[in-house]
Every structure is written in structure tokens, then in C-alpha cells.
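Along the sequence shown, residues are numbered consecutively beginning with 1. When a ligand or atom number is given, it counts from 1 through the structure's own listing order. Note that the structure is a prediction, hence the values are computed from the model and not measured.
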Amino acid sequence: MTKKVCVIGGGIGGLAVAIGLHQQGVDVEVVERDKDWKVYHVGIIVQANFVRALHQLGVGDQAVAAGHPHKGVRFLAAQGRLLAELPGETEVDGLPADLGLTRPALHEVLTAKVKELGIPVRLGVSFESFEDKGDAVEVKFTDGSSGSYDLLVGADGNYSAVRKVLWPDAKPEFTGQGVWRYNVPKPAGLEWTEMYVGAENGFHGKAGYCPLTPDSMYIFAVIEEPGNPRFAPKTLAEEMRKRLEGYGGTMAEAAAQVIDPDLVVYRPLEACIMPDPWYQGRVVLIGDAAHSATPHLGQGAAMAVEDAVVLAEEISTREDIDAALRAFMNRRFERAKLVGTSSIMLGEWEMHPENAGDPVEVTERIRKTLAEPV
Ligand SMILES: Cc1cc2nc3c(=O)[nH]c(=O)nc-3n(C[C@H](O)[C@H](O)[C@H](O)COP(=O)(O)OP(=O)(O)OC[C@H]3O[C@@H](n4cnc5c(N)ncnc54)[C@H](O)[C@@H]3O)c2cc1C
């Protein structure tokens, strides 16, 4: 019998799981709270496992075409001296391993596929309540409608309302750092993500940039922000520039171009890594709702899309929902936990360099691990 699934949240994980389920013959629909379906105008860095998972959903080529492939990640000292070079791991069907792309470009790739497949997406709608009846989950929506489903997927991000219903005590915690982001023109010939380890400006953290398109790149600075301060919007460019003072190399020129406070995206880092299982009965969390990490390994999007691919496989190949969700957890939990706990540890090392291990070793080991199929 055809299974029926409702996905709460039309972000990266929600759209990916809808595509995967639809392709496996499951009857799937999506509700998305934001009536305009907008995403931040920021860049995201992704790696081999993200490209492979999108390829499995039939949109790998489109994502690569929408972004800018590059050679991998380099670690530099604050003044720009090369410390280590980690080339991209494992090319999938000739697709590149390391890719930078804008969040709107990725959104366009996923929404175009959802539209092409005819998957219903209701915008400006969320759930009002849901009740697991054992043989089905009954959902009431904020537009007054209701439905009965074999499975409800909470793909509603870091501040998940679905998680709040089932795990009211779980919430994202501030990790001590904030991330500053800004897009600038890309110098010709830049073909790596470059990360400057440490800072010589009184701030604790790191900075770097990633190519996004042939002509643009985005700068990021991950910095300890004691007390989780709020910044007045008009000061954001000045605050970001302060955090980029003293760096050499390409960063010195890039930092000078951070001038428009309206174009700075600042976010305190808040993580929430749920224990196994991420499901109760017929309701399951995926993506940030289940395991939001800090951006230190650039894996948030990849983990959401991998969750989606694996959940779609397990739901469509097993009759029993409970068995499918257990199989999903068996394939996903350790991998997502590795990313989450290692990302938080890298942030701790940046804030406490006196007790730090080797971030290059950790990054290289995890890049290799994640390049292997799930
Ligand atoms: C500024 C920024 C930069 C980032 N950079 C990177 C990067 O470089 N590389 C990387 O891999 N990751 C990056 N991430 C993380 C990455 O974006 C997330 O890990 C990823 O989006 C998780 O996907 P998701 O589907 O779980 O959540 P989201 O993509 O956040 O999607 C959640 C969706 O659910 C909707 N929603 C929320 N609540 C409800 C509700 N109650 N009802 C209905 N809909 C709801 C939201 O509107 C949203 O559309 C970044 C995140 C941010 C904020």
C-alpha cells in the first residue's frame, strides 16, 4: 500500500526528503511556515557527501552548476603562511567534492525539482497539533485543514516546533561563539576554501573565505562572543571588520571590503544534538531539528540531505514504520553525532587555545570518514 508522509518544513532537509520519498513512490506533502519561502542570502560550503546525496536525489549536476567547485580546504597562519592543504575527497561520478554555493541557489535547485515532480507544498502553513493514534498520525494544520499520515517528518530546523512537542526540554544552547558572514568579489585564481587559524587581534577564533561563484566568495569569522551580545544592526560591518583586523594574505584585502552593515549576517552559534532515537512512534526529526551543529566542519546541509536520502530509502523499502525508523537511526546516529560533537570541540579549541588539539588532523580525519558512503 502507498505510504503517506507529511513533512513539516520546506528547508534543505524537508525538500530533500520530499524529493527522495516521492521518487520512491511515497505520497508526500510539505508544509512550510514562511509564506514567502525566503532563505538567507549567505554562502554555504559543502563537501563530497553533500554532492553525493544530492546526486542520489537527481540534482547533483544542478547543484554543481549553481555553485563553484573548488579544490578543497587550506589552513593558513594568521599572516597567510600555508600550514596544510586538504584536497577534496572522493569524486562521485565525476562531480567535484568541494563546492561553495549561495543558499538561494541551493533553494532554487531543490524547489525546481519539487515543482517538476509535482510535490504539494503549502506555504504560510504549519501544524496546529498532531496525535499519534498508533496506526496513523493525525495532523491539524494552521489553515484549518487536517490529514492522516503514516509518518510525520519534523524537518523544521534548529528551533523545531515538532521537537518541542515531543521533547520539550531539548533546546539549542549557545556554544560561546558567533559567526560573521559577508560576500565579496573573489580574487582571480582563488580555488580553495582558506581558513586562517587563530587571530592576532585580541579576539579568539578563526576566519576564512570560500569561493561561491566564478566572481564572488564569502568571508566568515567564527569568534568567541562572551555573554552572547546583541549588536545594533548599523554597527555590524564595523564589528566584523574589527574581528578581521590583523590578518595577512588575501584576508587583509577581503576584510577591507566589509562595508555595508545590511549585508553582514551575524548569528550566535547554538547547537542541539539529540540522543538516539530521533523518533517517537510515527514522528521523526531530521536535519537541524535532530542535530544542529556549529559550522566548523561545514556539514549542516550535508547531514540534512543524508538524513533525507537514508529516511526515504528505509521508509520505502520496509513495510513496518518502526523497523524503518530504527534502521534509519542505525545508519544516521553515529555519523551525525561525530559531526556535531567534533564541531563543538573545534569551537572549544578556538576559545581555549591553551588546551587545543590539532584542528587539521580532526578536519582531515572527518572529511575522509564522511567521503565514504553512508
Ligand atoms: C547563516 C548560516 C550559514 C550556514 N552555512 C552553512 C555552510 O556553510 N555549510 C553547511 O553545511 N551548513 C551551513 N549552515 C547550516 C545549514 O543551513 C543547516 O544545517 C541546514 O539548513 C539544515 O537544514 P534543515 O532542513 O534541517 O533546516 P532549515 O534549512 O533551517 O529548514 C527548516 C525549514 O523549516 C521551516 N519551519 C520552521 N519552523 C516551522 C514550522 N513550525 N512549521 C513549518 N515550517 C517551519 C523554516 O522556515 C525552514 O524553511 C548555515 C546556517 C546558517 C543559518
Which label fits Trp180 and Tyr266: parallel for a plane angle under 30°, tilted from 30 to 60°, or perpendicular past 60°?
tilted
Distance filter under 4.0 Å to [X] heavy atoms, resulting ligand 1 atoms:
X      : answer
Gly287 : 26 (O)
Gly157 : 27 (O), 32 (C)
Arg267 : 53 (C)
Gln299 : 11 (O)
Ala161 : 41 (N)
Ser126 : 40 (C), 41 (N), 42 (N), 43 (C)
Ala155 : 32 (C), 33 (C), 34 (O)
Ile8   : 42 (N), 43 (C)

Residue selection (non-hydrogen contact nearest atom 2 (C) of ligand 1) among His107, Arg181, His291:
Arg181
[atom]: the protein heavy-atom neighbour that sits closest, reported with distance to 0.1 Å:
atom                    : answer
atom 18 (C) of ligand 1 : Asp288 OD2, 3.3 Å
atom 13 (C) of ligand 1 : Ile44 CG2, 4.1 Å
atom 33 (C) of ligand 1 : Gly11 N, 3.6 Å
atom 21 (O) of ligand 1 : Ile12 CD1, 3.3 Å
atom 45 (C) of ligand 1 : Arg33 CB, 3.6 Å
atom 15 (C) of ligand 1 : Gly300 CA, 4.3 Å

[X] with [Y]: basic N within carboxylate O range, under 4.0 Å:
X      : Y      : result
Asp98  : Arg367 : yes
Lys71  : Glu191 : no
Lys368 : Glu364 : yes

Short side-chain donor-acceptor distance under 3.5 Å, [Y] and [X]:
X      : Y      : result
Tyr209 : Tyr196 : yes
His291 : Asp307 : yes
Arg122 : Ser145 : yes
Glu225 : Gln177 : no
Gln47  : Gln299 : yes
Glu306 : Asn49  : yes

Check each heavy atom of Ala304 against ligand 1 and say whether those closer than 4.0 Å belong to the side chain, the backbone, both or neither.
side chain
Region of Phe220 engaging ligand 1 - heavy atom pairs below 4.0 Å:
neither
Can you find a non-hydrogen atom of Arg103 under 4.0 Å from ligand 1?
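It does, in that a heavy atom of Arg103 comes within the 4.0 Å cut-off of ligand 1.
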Does some non-hydrogen atom of Tyr218 fall short of 4.0 Å from ligand 1?
yes
Sub-4.5 Å side-chain heavy-atom contact between Leu311 and Val284
yes
Please report the shortest heavy-atom distance between Leu325 and Gly281, naming the atom on each side.
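What the structure gives for the nearest pair is CD1-O, 3.4 Å.
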Return yes when at least one protein heavy atom is under 4.0 Å from atom 5 (N) of ligand 1, and no when none is.
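When distances to the protein are checked, atom 5 (N) of ligand 1 has a heavy atom within 4.0 Å.
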Would you say atom 51 (C) of ligand 1 makes contact with the protein, given that contact here means a non-hydrogen protein atom less than 4.0 Å away?
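Given the 4.0 Å limit, the answer for atom 51 (C) of ligand 1 is no, no protein heavy atom qualifies.
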